[in-house]
Amino acid sequence: MDTTKPARSLAVEPNGVLRDTLSRGPRGFHTSAWRLADLTDPFIIKAAMLVLTGAGARRTLTHRPGGRMARAELANGDRQQMPLDSALTFETAPVAVNDLVRRYVDVRQHSLDLTAPLSAEDQAVQSMPDASPIKWHLAHTSWFFETFILAKQAAYEVFDPSFSYLFNSYYEALGARHPRSARGLLTRPPLASILAYRAHVDGAVARLLGDNPPLEVAELIALGLAHEEQHQELMLMDILSLFAASPLAPAYSSSPPRPALAAKPATSVLLEGGLVEIGARGLDFAFDNEAPRHQVYLRPYRLDSCLVTNGQWLSFMAAGGYGRPEFWLADGWALIREEGWIAPLYWREAADGWEVIDLTGAHPVDPKVPVEHVSFFEAAAYAAWAGKRLPTEAEWEHAIESRADCFEQVDDSLWQWTSSAYAPHPGFSPAAGAVGEYNAKFMIGQMVLKGGAAITPRGHSRPTYRNFFYPHQRWMASGVRLAEDAAAMAAPERDFREAVIAGLGAPRKYMAAKWFYDRRGSALFESICDQPEYYPTRQEMALLATIAPHIAAHIPPDATLVELGSGASLKTRYLLNATSKIIGYAPVDISTSALTAGANEIARDYPYLEVTPVVGDFSQPATLKDLSRGGPKVVFFPGSTIGNFSPEAMVAFLSDYRRLLGPDGLFIIGVDLAKDAETLEAAYNDRAGVTAAFNLNLLSRINREAGGAFDLTKFAHRAVWNALESRMEMHLQSLEDQAVTAAGRVFGFVSGETIHTENSYKFTRGAFLALARRGGWRLIEDWASGPPSFATFLLAADPAG
Ligand code: SAH
Ligand code: AVI
């Protein structure tokens, strides 16, 4: 077999078009063209050169003198100058390429390999109209080569004329065809004839490839192979659909391709957006629907590093996700009502929880695995419940192309729904002839999925790839990656940066205590609560366990419990368990991570509760405004977090809530009581060093979020009792003279100087009540724990307040 590749040339035409031409002798086959302006883009130049020098081609570069010069970086590392306004030709010498032949053999064999675990009966049936019998896939992929390539060769002998009717999928230009929904009725031709058909086609394609086919034929063979890879994925989808319909739930294999798990904890990656480019560049094989590359404007956004897991989906279900129309698009809601959907496809309820059927058979749902087989409607509802949204196609593609290192599970787990309709890219033109029906005519009513799945043949997909399905479909390997607008997120980040500039720039450096609570800070606080020295959490829990019924007696029916600084929402449970009068729960916290986790767990364990978390600063007017809607409210403020205010700020805060709640307001406040210095200082200097890590994490946060350069080994945690002010103080003390950059400024520290990071006021009963009264509240009842003492105050709006 002569395995030569035709010459390929790249030319800049006088009209400013860079034309990439594959040619043999007099025949020419145009593959792609760029505007000359793009040639200034070093990527285009480099990519073009890599194409030309691929497979070890010898390359010559000629150009006429004159004009502006562009630099090209060649595959061998040489740099080359290129003029931009004159004809410029690169020529590749013919090179030995059996790569297309080898690829043909491998891809065709893989389809047969996929059928190894299947009987002839398995291969004949069709589980539903969207799915096809395996046998039909084997025939149709061969029909594609026969129809688009072989039938045009004079010497080719058609295998069986009836096959053009049986195995045409959807090509109107090629005439009538057997109805899609009746493919499972084709017991004839038997499997053996279809295998013989494949062998017949393979022999003819091999002869053609050995016979130096023109380039348009080589291109169509490449298309036929990409087409067959798509059917290989369909075969696994359709087999699962079939086997899951069997009461035996048979296993296809003990080691099928499985969605990859996330290796790192999930984060959400910030992308600035702006004018970006998406779409295929035309350098490598791509389907027509991926082109042309074009510009898109994106507002700042965030995209999650990982896919939504089964565990998260179970929380959604536990929160009543499938029963709450507020999360659903109208068509989706109608569909799930009509069809009774309460979980992803292939999930079923077993005696001890949910089971899922996959290609290995039935097994318990693993919470760590990404959730699979969800429709667009379900993905969108989940996103709404999670307070996020699906990414647009352009957001997804730009993020994956520009920040590949930040994302996991891109193409080795599940296809990811986008909120983008499957429409032509601007400037799209379908391929000429019947093959133009491949993609273009489906650009209606479907949604784009990006990425790739574990069951997608390796190397088949790429970031510009556009998979598409109808919003109700879910038998494919579909999953969910969430996005959100960054504008909403940017404000707190800007606030933090501004707080750094104001606090570190002050004569006595300080940061408000609320800045401790980023994701890591919230986790460290929870661990502080487990330290033997930090008594407030334990004492307050023990107290609440006994007094909750007394508090409950004062709660009005159908109340919403507003909890300030809710964190993990653990103390909440004492109140919820003591009364069924609470029907709504509105946790408020500045820490998104703690709030979401806490609220989700409450929603899971108290399914009747309407849970409406509010991210924000509980002392800011915007947060109070968010809380102003709805019926009777009871505010719960545990943890002595009120002690983190100065007395003046505390009075102002209490007055604000007095106004918000009106004359029927009820306030339940946890307060740490003043006690001996030794107990107090031990509580903020635990032996395990967790409080120290919590305090120092503020410097890490400045480094992470405000471009800081703090060296954490040059600062020490200090926690001291200030008897005069009746407060515990936390500081970060500089261990030497140093200058540190943060938020674009330089801050000087002398040795021993501190950043004051927290006050925790400790009260006597009288002192606290005096402040409460100034804030417009009167005492209903109060309780105190044994030593180390902690108190709970139940306050009512003071009519005179
Ligand atoms: N209520 C829990 C957590 C107390 S820790 C308990 O008693 O154990 C303090 C919580 O208040 C943290 O979750 C922190 O993120 C939150 N917080 C601190 N300052 C805040 C502010 N100004 N606005 C909203 N939340 C705040
Ligand atoms: C949330 N707040 C009341 C805690 C406190 O005790 O002031 C935070 C804390 N700081 C150090 N340890 C715990």
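Just follow the structure's listing: the first ligand is 1, and inside any ligand the first atom is 1. Just so it is clear, the values below take in all heavy atoms, side chains as well, and ignore hydrogens, waters and symmetry mates. Remember, predicted model here, so these are calculated numbers, not experimental data. Along the sequence shown, residues carry numbers from 1.
With a 4.0 Å heavy-atom cut-off, ligand 2 is reached by the side chain of Asn644 but not by its N, CA, C or O. When non-hydrogen atoms are compared, ligand 2 lies under 4.0 Å from the backbone of Thr641 as well as from its side chain. Residue contacts with ligand 2, taken as heavy atom pairs separated by less than 4.0 Å, do not involve Met728 at all. No part of Tyr761 comes within 4.0 Å of ligand 2, judged by heavy-atom distances. Contact annotation for Thr641 and ligand 1: only side-chain heavy atoms (C-beta onward) come within less than 4.0 Å of the ligand. The proximity of Phe516 to ligand 2, defined as any non-hydrogen pair under 4.0 Å, does not occur for either the backbone or the side chain.
The closest protein non-hydrogen atom to atom 19 (N) of ligand 1 is Lys514 CB, 3.5 Å. Atom 26 (C) of ligand 1 has Phe618 CE2, 3.3 Å as its closest protein atom, hydrogens excluded (heavy atom only).
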Could you go through the salt bridge (charged side-chain N to carboxylate O under 4.0 Å, His left out) check for Asp485 and Arg302 one step at a time? CA-CA 6 Å; Asp485 294 342; Arg302 286 179 178 272; over 6 Å; no

For Phe645 and Tyr761, run ring pair (Phe, Tyr, Trp, His ring centres under 6.0 Å): C-alpha distance rounded to whole Å, both residues' side-chain angles, the deciding distance at 0.1 Å, then the answer. CA-CA 8 Å; Phe645 284 123; Tyr761 283 83; 10.0 Å; no

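On a distance-only criterion, Cys529 and ligand 1 share no N/O pair closer than 3.5 Å. Taking any N or O of Gly565, backbone or side chain, at least one lies under 3.5 Å from an N or O belonging to ligand 1. Considering backbone and side-chain N/O of Tyr534, one or more are found under 3.5 Å from N/O of ligand 2. Between Ser760 and ligand 2, at least one pair of N/O atoms sits closer than 3.5 Å. Between Asp617 and ligand 1, a contact under 3.5 Å exists for at least one N or O pair. Taking only nitrogen or oxygen atoms, main chain and side chain alike, Ser640 does not reach within less than 3.5 Å of ligand 2. The shortest N/O to N/O separation between Glu758 and ligand 2 falls below 3.5 Å. Residue Asp589 has at least one nitrogen or oxygen atom sitting less than 3.5 Å from a nitrogen or oxygen atom of ligand 1, judged on distance alone.
Considering only heavy atoms from C-beta on, Phe407 stays 4.5 Å or farther from Thr267 through its side chain.
The aromatic rings of Trp313 and Phe316 lie perpendicular to each other, with more than 60° between the two planes, well past the 30° mark.
In the vicinity of Phe525, heavy-atom distances shorter than 4.0 Å reach the ligand 1 atoms 3 (C), 4 (C), 5 (S), 8 (O). Those atoms of ligand 1 with a heavy atom of Gly567 less than 4.0 angstrom away are 13 (O). Residue contact check: Lys571 has heavy atoms under 4.0 Å from atoms 6 (C), 7 (O), 8 (O) of ligand 1. Of all the atoms in ligand 1, the ones that sit under 4.0 Å from a non-hydrogen atom of Gly639 are 7 (O).
Two rings, from Phe327 and Tyr382, have their centers 6.0 Å or more apart. For an aromatic pair to be called close, the ring centres must be under 6.0 Å apart, and Phe516 with Phe525 fails this. Ring-centre distance between Tyr574 and Phe636: not below the 6.0 Å cut-off. Ring to ring, Tyr606 and Tyr585 are not that close: their centroids are 6.0 angstrom or more apart.
For Arg773 and Asp798, the salt-bridge test fails: no basic side-chain N is under 4.0 Å from an acidic carboxylate O. Ionic pairing of Lys762 and Asp672 is present here: one or more N-O contacts between side-chain nitrogen and carboxylate oxygen are shorter than 4.0 angstrom. The pair Asp366-Lys368 counts as a salt bridge, with a side-chain nitrogen and a carboxylate oxygen less than 4.0 angstrom apart. Between Arg389 and Glu395 there is a salt bridge, with a side-chain nitrogen of the basic residue lying less than 4.0 Å from a carboxylate oxygen of the acidic one.
At least one heavy atom of Gly616 sits less than 4.0 Å from an atom of ligand 1. Using 4.0 Å as the threshold, Ser522 has no heavy atom nearer than that to any atom of ligand 1. The closest approach between Gly643 and ligand 2 stays at or above 4.0 Å for every heavy atom of the residue.
With Phe793 as the fixed residue, the side-chain contact (heavy atoms from CB on, under 4.5 Å) test singles out one of Ile780, Asp782, Ile642, Ile668: Asp782.
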